**Student:** 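Structure below; questions to follow.
Values in this document were obtained by computation on a predicted structure and should not be read as measured data. All ligand and atom numbering here is 1-based and tracks the order in the structure.
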Amino acid sequence: MIVLKTSKELRLMKEACVIAAGALKAAGEAVEPGVSTAEINRIAHKFITDAGAIPTFKGYNGYPAATCISINDVVIHGIPSSKQIIREGDLVSIDVGATFNGYVGDNAATFAAGDISPEAKRLSDTTRESLYEGIRAAVAGGRIGDIGHAVQSYCESRGFSVVRTFTGHGVGTQMHEDPSVPNFGTPGRGVRLLPGMTIAIEPMINMGTHEVRQMPDGWTIKTKDGKLSAHFEHTIAITADGPVILTQV
Ligand code: MF3
Ligand code: CO
């Protein structure tokens, strides 16, 4: 069931999203060689609780942290650890959610630790840009497939592949609501986009194969071929005046 939000609800949700965005920014600014992923998680967690919000991910299906931190060939759901030290050249994806006013803000971005390879930078830039392509396609009266097609065609034209096994999602009082928001698709197909829909668009883009595998910890998702992956995510609202990015500081 897709829950449409009133403009009042969108205002409340915006506050959660701004906190999530601030946590992502603070965490991203702390990314540098020598820092542990547990330290990055601590910074995001503190930002959220200092704002009076709840770290949405912690405890979600037993997930142990406020953030997912996914380095290099880890696509998503990397678990922060004091034993994992960020190294020069790492591609560090951080995903973080905050619950405030009973609403969830969910966002992610990929950061460079020191100097990264030109290919890694191109992957990260393409993934970020594909998120904005997807957002531009999220207009009332359109279809969910318009979003996926915009992301997919942009990334594939640059030689990268789109993860299929995981998708974006509706978001509101729950982190995961209907509809599912794939990063691939056919224009004009799928659920109709309506004013008041709030969705998380989150391209997960790989350098090599789109195939992924889950690690024995039950969370960590890596590329099957060990090549790099990047991830960007915004929570947006579809309005009569076009898409509005809610997770903007
Ligand atoms: N942003 C991710 C998602 O949209 C975060 C979920 S990770 C979890 O699915 F740890 F909270 F499950
Ligand atoms: Co999400």
**Student:** For ligand 1, is C68 a contact, meaning one of its heavy atoms is under 4.0 Å away?
**Tutor:** yes
**Student:** In the protein, what heavy atom is nearest to atom 5 (C) of ligand 1, and what distance, to one decimal place, separates them?
**Tutor:** F57 CZ, 3.2 Å
**Student:** What do we get for Y63 next to ligand 1 when only non-hydrogen atoms under 4.0 Å count, side chain, backbone, both or neither?
**Tutor:** side chain
**Student:** Which ligand 1 atoms does H169 reach within 4.0 Å, using its non-hydrogen atoms?
**Tutor:** 3 (C), 4 (O)
**Student:** Is it the side chain (CB and beyond), the backbone, both or neither of A200 that lies under 4.0 Å from ligand 1, heavy atoms counted?
**Tutor:** neither
**Student:** Heavy-atom contacts with H77 under 4.0 Å: which atoms of ligand 1 show up? List them by number with element.
**Tutor:** 6 (C), 7 (S)
**Student:** Would you check if the side chain of S93 reaches a backbone N or O of T110 as a donor-acceptor pair within less than 3.5 Å?
**Tutor:** no
**Student:** Indicate yes or no: does K25 engage E29 in a salt bridge with an N to O separation below 4.0 Å.
**Tutor:** yes
**Student:** For ligand 1, is D106 a contact, meaning one of its heavy atoms is under 4.0 Å away?
**Tutor:** yes
**Student:** What is the OE2(E202)-the Co ion (ligand 2)-OD2(D106) angle, to the nearest 10 degrees?
**Tutor:** 170°
**Student:** Can you report which non-hydrogen protein atom sits closest to atom 12 (F) of ligand 1, along with the distance?
**Tutor:** Y60 CD2, 3.2 Å
**Student:** Between the main-chain N or O of V171 and the side-chain N or O of T198, is there a donor-acceptor pair closer than 3.5 Å?
**Tutor:** yes
**Student:** Would R87 and E32 pass as an ion pair if we require N to O under 4.0 Å?
**Tutor:** no
**Student:** With atoms numbered from 1 as shown, which atoms in ligand 1 lie under 4.0 angstrom from a non-hydrogen atom of W219?
**Tutor:** 10 (F), 12 (F)
**Student:** Is it the case that the side chains of Y103 and E9 hold a donor-acceptor pair, with the cut-off being a distance below 3.5 Å and no angle test?
**Tutor:** yes
**Student:** Is there a path of hydrophobic side-chain contacts, each under 4.5 Å between heavy atoms of I, L, V, M, F, W or Y residues, that connects I76 with I201?
**Tutor:** no
**Student:** Below 4.0 angstrom from a heavy atom of M175, which ligand 1 atoms are there? Numbered from 1 as shown, please.
**Tutor:** 6 (C), 11 (F)
**Student:** Does one side chain, of D106 or T235, offer a donor that lies under 3.5 Å from an acceptor on the other?
**Tutor:** no
**Student:** Which residue supplies the protein heavy atom nearest to atom 3 (C) of ligand 1, what is that atom called, and how far is it?
**Tutor:** H176 NE2, 3.3 Å
**Student:** Record the part of F166 in heavy-atom contact with ligand 1 below 4.0 Å; permitted values are side chain, backbone, both and neither.
**Tutor:** neither
**Student:** Step by step, work out the ring pair (Phe, Tyr, Trp, His ring centres under 6.0 Å) result for H210 and F184.
**Tutor:** CA-CA 11 Å; H210 70 82; F184 52 91; 8.7 Å; no
**Student:** Could you tell me whether the side chain of H231 and the main chain of A108 form a donor-acceptor pair under 3.5 Å?
**Tutor:** no
**Student:** In the protein, which heavy atom is nearest to atom 1 (N) of ligand 1, and how far is it?
**Tutor:** D95 OD2, 2.7 Å
**Student:** Is E202 in contact with ligand 1, taking contact as a heavy-atom separation below 4.0 Å?
**Tutor:** yes
**Student:** One pair to check against ring pair (Phe, Tyr, Trp, His ring centres under 6.0 Å): H234 and Y132. What are the steps and the verdict?
**Tutor:** CA-CA 9 Å; H234 270 309; Y132 291 99; 5.8 Å; yes
**Student:** Can you tell me if, anywhere in H176, an N/O/S atom lies at a distance from the Co ion (ligand 2) that is smaller than 2.8 Å?
**Tutor:** no
**Student:** Provide the atom name of the closest N, O or S atom of E233 relative to the Co ion (ligand 2).
**Tutor:** OE2
**Student:** If the test is side-chain contact (heavy atoms from CB on, under 4.5 Å), which one of I199, L246, L131 qualifies with I236?
**Tutor:** I199
